[in-house]
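First the proteins, then the strands, lettered A, B, ... as listed; each starts at 1.
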Amino acid sequence: MNTPDPKRWKKIEVEEYENLVQQTKPKPPLLKHCIWAFIVGGLICLLAQLIMNYLLNQGIGKVDASSYTSVIMIFLGAFLTGIGIYDELGKKAGAGSIVPITGFANAIVASAMEFKREGYIFGVGARIFTVAGPTLLFGFVVAVLIGLIKVFLSS
Amino acid sequence: MPAKKKRGAQTLVFDKPPVITSWASIAGPKEGQGPWGQDFDWSMEDYLFGEESWEKAENKMLRETVKKALNKRNFDEADAEILMAGDLLNQLVSSNYAARELGIPFLGLYGACSTMAEALLLAAILVDGEFFERVIAAACSHHYTAERQFRFPTEQGVQKTPSSQWTATAAGAVLLEPVGTGPRITAVSIGKVIDMDQKDISDMGSAMAPAAAHTIKTHFNDLNRSSDYYDLIVTGDLGKVGMAITRELFIKDGLQPEPNYSDCGVLLYDDFQEVNAGGSGCGCSACILCGPLLKKMTAGEINKLLFVATGALMSPITSFQGESIPAIAHAVAIEN
């Protein structure tokens with residue numbers, strides 16, 4: 001007779017338990033989250049577009065106008081983080097407020113605020129990119145790769 | 001020769017059950033507005049508690065709770081013989097720094113959110129063993145210190161899942177003595193670390209439920225007690241998800257969960273307080289025990305209580321390395 005293998009027993013136990021967990025765990029309200037994300041993300045983009053149109057109407061060139069718009073949106077994201085509104089928005093909107101450039105500003109300013117008490121060098125300085133760091137690093141890597149592709153294609 | 005006080009696999013029974021002669025609790029602003037706000041000794045107005053940082057606030061919470069528990073018996077810090085305390089922060093800083101100010105001989109304990117039960121059971125062993133006559137067991141947690149250590153910067157806009165829990169800002173302390181008036185600790189069960197391969201760090205309840213069910217089942221087996229022996233079995237901080245799973249596990253083990261089973265994480269907040277599945281943190285079970293539960297025991301509304309604090313024993317580092325979440329639960333039987 002085969003002796004029961006404890007590892008196999010444990011595996012069955014774990015699988016059974018996983019089923020129980022999946023049955024019990026409440027599912028996130030996906031549709032509601034999507035609607036919130038769509039509306040908030042859309043409004044942020046609409047606001048940016050309005051700013052951009054205004055700048056264009058003032059006779060600013062297209063390249064400059066889009067740079068100014070980004071700067072203004074980053075400022076707004078940082079400002080709303082500073083006065084404690086952006087995290088409340090993020091709880092509801094999820095990706096709708098994380099994906100736009102304002103969300104990137106939020107990630108950096110939130111880290112800076114969080115670690116201020118540990119001083120400006122080892123706190124703010126060392127930790128400001130804890131959340132945004134991966135985006136920056138891989139953004140740079142992709143930029144370099146695309147730059148290289150362009151160099152090869154144009155040569 | 002078998003150990004005199006050990007029963008079964010994991011349980012100890014005391015010859016001279018230590019008495020909980022005094023206790024105190026402090027709750028944060030959110031906890032103070034919850035359903036048990038009136039039962040805590042103190043509700044903080046803000047998260048800084050008059051200090052410069054959240055870490056200092058947490059240390060002050062623990063310190064003041066310990067002092068309050070001693071003062072209620074007309075003792076001061078010099079009268080306490082040993083302090084056993086813990087919190088959630090790296091290197092147990094809140095407890096260490098509180099012990100620095102209090103000047104009481106100190107043993108720091110880490111059992112994540114199970115710390116209150118761990119401290120209570122060790123304190124009871126020390127008193128029953130006639131090593132000490134005035135032992136303090138305490139635990140605390142602070143929402144924002146835990147959040148920044150385990151999760152995200154607090155001002156970052158992150159969406160929480162329905163199974164996630166809110167780390168409580170709270171502290172609780174009890175004073176144990178060999179004689180006196182008050183509820184007594186009659187038996188304790190020391191839990192095993194149980195890991196059912198759960199990896200979702202925003203769902204601690206599912207990770208901890210098997211540990212809670214295992215310790216409770218072992219406690220009943222070791223003492224040959226039936227599940228209706230206790231007026232209330234209360235787990236530490238499983239939250240709504242973990243509590244629902246524990247109910248299922250009880251039924252599987254042949255225990256009757258209703259109506260005398262509850263969970264501190266579910267009790268601590270009202271539904272509209274936006275805490276998703278409920279409360280967590282060392283302070284969660286500590287303040288519910290040292291607030292409403294012991295109050296109800298003195299009033300005679302509860303006579304036999306099984307307090308089972310539960311802890312998830314991972315760290316952010318092990319989680320990023322893909323490790324599952326091990327969990328532990330200790331049971332403390334408190335009877336009038």
Side-chain angles (χ1 to χ4, degrees), chain A residues 10-11 13-29 32-33 36-37 40 77-78 80-100 102-118 123 127-128 130-132, chain B residues 48 51-57 144-145 147-149 151-164 166 194-200 202-211 213-214 238-249 251-252 274-278 316 320 324-325:
Chain A
K10 175 79 187 170
K11 210 180 148 220
E13 216 186 334
V14 164
E15 273 169 19
E16 271 183 12
Y17 184 67
E18 185 60 38
N19 288 337
L20 176 63
V21 170
Q22 290 312 328
Q23 281 166 28
T24 321
K25 211 164 164 171
K27 302 277 170 289
K32 194 179 129 197
H33 284 174
W36 263 102
V40 173
L80 291 176
T81 305
I83 58 173
I85 289 178
Y86 209 87
D87 63 320
E88 295 297 324
L89 194 65
K91 275 183 206 163
K92 293 253 185 263
S97 61
I98 292 175
V99 175
T102 45
F104 194 63
N106 167 248
I108 293 175
V109 175
S111 303
M113 287 168 70
E114 188 80 21
F115 297 108
K116 201 177 140 237
R117 291 190 183 113
E118 282 79 58
R127 307 277 201 112
I128 191 164
T130 31
V131 180
Chain B
L48 280 174
E51 295 288 329
E52 292 157 22
S53 71
W54 292 320
E55 284 75 10
K56 284 185 179 157
Y144 289 108
T145 61
E147 199 67 10
R148 66 188 301 203
Q149 179 179 306
R151 297 180 191 100
F152 296 102
T154 48
E155 290 299 331
Q156 200 189 337
V158 195
Q159 201 163 39
K160 299 258 166 83
T161 62
S163 58
S164 68
W166 179 275
I194 307 274
D195 190 330
M196 293 299 266
D197 211 31
Q198 292 294 304
K199 290 184 176 166
D200 182 358
S202 57
D203 180 14
M204 296 295 163
S206 300
M208 296 189 291
H214 182 271
L238 299 177
K240 283 180 198 158
V241 180
M243 190 174 155
I245 294 174
T246 306
R247 277 212 178 99
E248 296 293 321
L249 295 174
I251 294 166
K252 236 170 98 185
E274 290 190 349
V275 291
N276 296 309
F320 286 136
S324 54
I325 305 167

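Taken from NZ in K160(B) to NZ in K91(A), the straight-line distance is 7.0 Å, to the nearest 0.5 Å. Expressed to the nearest 0.5 Å, how far CG of L80(A) lies from CD of E155(B) amounts to 11.0 Å. Atom CD of residue E114(A) and atom CH2 of residue W54(B) lie 5.0 Å apart, to the nearest 0.5 angstrom. Distance OG1/T130(A) to CZ/R148(B): 10.0 Å, rounded to 0.5 Å. The NZ atom of K116(A) sits 12.0 Å away from atom OG of S53(B), with the distance rounded to the nearest 0.5 Å. Atom CD in E88(A) sits 7.0 Å away from atom CD in E274(B) (nearest 0.5 Å).
Residue contact with chain B, scored on non-hydrogen atoms closer than 4.5 Å, is absent for Q22(A). For Q23(A), no part lies under 4.5 angstrom from a heavy atom of chain B. For a residue to count as touching a neighbouring chain, one of its non-hydrogen atoms must lie under 4.5 Å from one of that chain's; by this rule E15(A) does not touch chain B. Both the backbone and the side chain of S206(B) have a heavy atom closer than 4.5 Å to some heavy atom of chain A. Only the side chain of I98(A) comes within contact range of chain B, with heavy atoms under 4.5 Å apart. If you measure heavy-atom distances from D203(B) to chain A, the contacts under 4.5 Å come from the side chain alone. Heavy-atom distances place the backbone of V158(B), and not its side chain, under 4.5 Å from chain A. When heavy atoms are compared at a cutoff of 4.5 Å, K252(B) approaches chain A solely by way of its side chain, counted from C-beta outward. Heavy atoms closer than 4.5 Å to chain B are found in the side chain of V131(A), but not in its backbone. Both the backbone and the side chain of Q156(B) come within contact range of chain A, each with at least one heavy atom under 4.5 Å from a heavy atom of that chain.
Listed here is the closest heavy atom pair of P162(B) and P28(A): CG-CA, 3.8 Å. Taking all atoms of both residues into account, the shortest heavy-atom contact from A244(B) to T24(A) is CB-CG2, 3.4 Å.
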Tell me, with the steps shown, if D200(B) and K25(A) meet side-chain contact (heavy atoms from CB on, under 4.5 Å). CA-CA 11 Å; D200(B) 182 358; K25(A) 211 164 164 171; 3.0 Å; yes
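Within 6.0 Å of atom NZ in K27(A), more than 12 heavy atoms from other residues, nucleotides or ligands are found, so the atom counts as buried in its surroundings. The environment of CD in E52(B) is sparse: at most 12 heavy-atom neighbours from other residues, nucleotides or ligands sit within 6.0 Å.
Among L249(B), I245(B), V241(B), D197(B), the residue making the largest number of heavy-atom pairs under 4.5 Å with chain A is I245(B). With chain B as the partner, the residue from R127(A), H33(A), E18(A) showing the most heavy-atom pairs under 4.5 Å is H33(A). Contact count against chain A (heavy-atom pairs under 4.5 Å) is highest for Q198(B) among E248(B), Q198(B), K240(B).
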